[in-house]
Amino acid sequence: QVQLVESGGGLVQAGDSLRLSCAASGRAFSTYHMGWFRQAPGKEREFVAAIRENGLGTVYATSVKGRSTISRDNAKNTVALQMNSRKLEDTAVYYCAAVLRWGVWSWHEYDYWGQGTQVTVSS
């Protein structure tokens with residue numbers, strides 16, 4: 001059982017940077033692969049990025065690749081998403097999630113979810 005809590009969301013202007021964090025509680029955090037997803041109003045939840053349990057190996061959605069970096073600190077049970085050069089279309093609720101199987105890019109296959117944090121990008 002893993003509990004996840006996101007933080008760091010807020011209002012930013014297009015072109016600015018933002019760092020999202022996810023704090024995990026529960027045993028064996030380091031055995032889970034972690035993912036970030038986002039959901040804009042009226043749209044389906046979509047994959048953003050994922051990182052392997054050992055921090056080696058990352059995958060990014062085309063829409064954020066080159067502008068975002070996912071990282072984790074297993075000693076502190078945290079995972080982060082550094083978001084640079086924000087665009088208007090980045091506006092969404094961002095969720096972190098945990099999964100035991102690597103190679104999962106669909107939200108419905110993840111095992112645990114945080115409550116989400118709102119990111120709003122303005123012009």
Answer yes if [X] and [Y] sit in the same cluster of Ile, Leu, Val, Met, Phe, Trp and Tyr residues linked by side chain heavy atoms under 4.5 Å apart, and no otherwise.
X: L4; Y: V99; value: no
X: V104; Y: F47; value: yes
X: V48; Y: L88; value: yes
X: M34; Y: V2; value: yes
X: V59; Y: I70; value: no

Measure the spacing between [atom1] of [X] and [atom2] of [Y] and express it to the nearest 0.5 Å.
X: Q13; Y: T120; atom1: CD; atom2: OG1; answer: 12.5 Å
X: R38; Y: E89; atom1: CZ; atom2: CD; answer: 7.5 Å
X: S71; Y: L81; atom1: OG; atom2: CG; answer: 8.5 Å
X: R52; Y: H33; atom1: CZ; atom2: NE2; answer: 5.0 Å
X: E46; Y: W105; atom1: CD; atom2: CH2; answer: 15.0 Å

For the side chain of [X] and the backbone of [Y], is there at least one donor-acceptor N/O pair under 3.5 Å apart?
X: Q39; Y: A92; value: no
X: Q82; Y: R19; value: no
X: S21; Y: A80; value: no
X: D90; Y: V119; value: no

Nearest heavy-atom neighbours spanning [X] and [Y]:
X: L20; Y: G9; result: CD2-N, 3.6 Å
X: T58; Y: I51; result: CG2-CG1, 3.8 Å
X: W102; Y: G57; result: CH2-O, 3.8 Å
X: Y32; Y: A98; result: CD2-CB, 3.8 Å

Is the terminal nitrogen or CZ of R72 (NZ for Lys, CZ for Arg) located under 6.0 angstrom from the six-membered ring centre of F29 and within 45° of that ring's axis?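 Yes, a cation-pi geometry holds between R72 and F29.
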
Is there side-chain contact between R67 and Y60, with at least one heavy-atom pair below 4.5 Å?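 R67 vs Y60: side chains apart.
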
Are S68 and R86 close enough that a side-chain donor and a side-chain acceptor fall under 3.5 Å?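 There is such a pair (donor and acceptor under 3.5 Å, judged by atom type) between the side chains of S68 and R86.
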
